[in-house]
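Read through the structure below, which is laid out as structure tokens, and then see the notes.
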Amino acid sequence: MPDPVDFVRTAVLTLLVGVAIPVLVQAFLTLRAFQRSLRSIEAKLDDAVALMAGPGRSSGSDSLALVASAMAPAIIAGVRAYRATKAPATGNGMHATSRNGQDDLSDG
């Protein structure tokens with residue numbers, strides 16, 4: 001007859017392995033997707049820098065598209081960060097003002 005402590009130890013070890021494997025697989029897949037997106041962004045930025053540094057390898061419309069596609073994620077992130085800092089604490093995007101343009105919530 002097996003010892004109850006050995007049974008509990010085996011059950012806990014099995015549970016930990018069963019949880020650890022999916023977590024590790026998910027972490028690997030997430031990091032791989034992140035690496036792929038970084039490579040894509042790096043390639044776009046390298047193309048944009050090459051266009052700005054010297055004579056272009058492509059026509060003007062292609063160079064504009066490369067620069068725009070390289071800068072678009074940064075611009076979008078900047079706009080989102082700006083909106084997040086300007087959003088009121090209520091989070092509804094509305095700000096109460098009086099008729100003279102001053103805040104209704106202020107003391108003065």
Side-chain angles (χ1 to χ4, degrees):
M1 181 113 181
D3 188 24
V5 174
D6 288 337
F7 179 75
V8 170
R9 187 180 305 150
T10 304
V12 168
L13 183 63
T14 304
L15 180 65
L16 289 176
V17 169
V19 168
I21 289 175
V23 168
L24 292 174
V25 168
Q26 184 64 39
F28 171 76
L29 293 175
T30 302
L31 290 174
R32 189 175 67 173
F34 183 67
Q35 184 181 29
R36 286 181 180 174
S37 63
L38 283 179
R39 284 183 185 159
S40 172
I41 291 170
E42 183 181 10
K44 288 179 184 179
L45 288 175
D46 286 344
D47 289 343
V49 168
L51 288 172
M52 290 180 201
R57 295 177 292 204
S58 59
S59 67
S61 63
D62 290 342
S63 64
L64 179 62
L66 285 172
V67 171
S69 67
M71 293 176 61
I75 292 170
I76 291 170
V79 169
R80 287 180 180 169
Y82 176 76
R83 287 181 180 169
T85 60
K86 294 298 178 184
T90 59
N92 62 3
M94 304 296 286
H95 187 70
T97 57
S98 64
R99 291 185 185 180
N100 62 3
Q102 295 179 351
D103 292 343
D104 287 339
L105 305 175
S106 63
D107 292 335

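Counting from 1, the numbers follow the sequence of the chain as shown.
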Atom [atom1] of [X] and atom [atom2] of [Y]: how far apart are they, to the nearest 0.5 Å?
X: L24; Y: L29; atom1: CG; atom2: CG; answer: 11.0 Å
X: D46; Y: R39; atom1: CG; atom2: CZ; answer: 13.0 Å
X: D3; Y: T10; atom1: CG; atom2: OG1; answer: 10.0 Å

Subject >> Residues that, via side-chain heavy atoms closer than 4.5 angstrom, fall in one hydrophobic cluster with F7 >> reply: none
Original post:
Does the salt bridge (charged side-chain N to carboxylate O under 4.0 Å, His left out) test come out yes or no for R9 and D6, once each step is laid out?
Top reply: CA-CA 5 Å; R9 187 180 305 150; D6 288 337; 3.5 Å; yes
Subject >> Joint cluster assignment, L16 & V8, ILVMFWY side-chain distance < 4.5 Å >> reply: yes
Which donor-acceptor pairs under 3.5 Å do side chains of residues 64-81 form with protein atoms, sequence neighbours excluded?
unit_1	atom_1	unit_2	atom_2	d
S69	OG	A65	O	3.2
S69	OG	L66	O	3.0

**OP:** Any salt bridge (Lys or Arg N to Asp or Glu O under 4.0 Å) involving residues 11-35? Give me the pairs, sequence neighbours left out, ordered by first then second residue.
**Re:** none
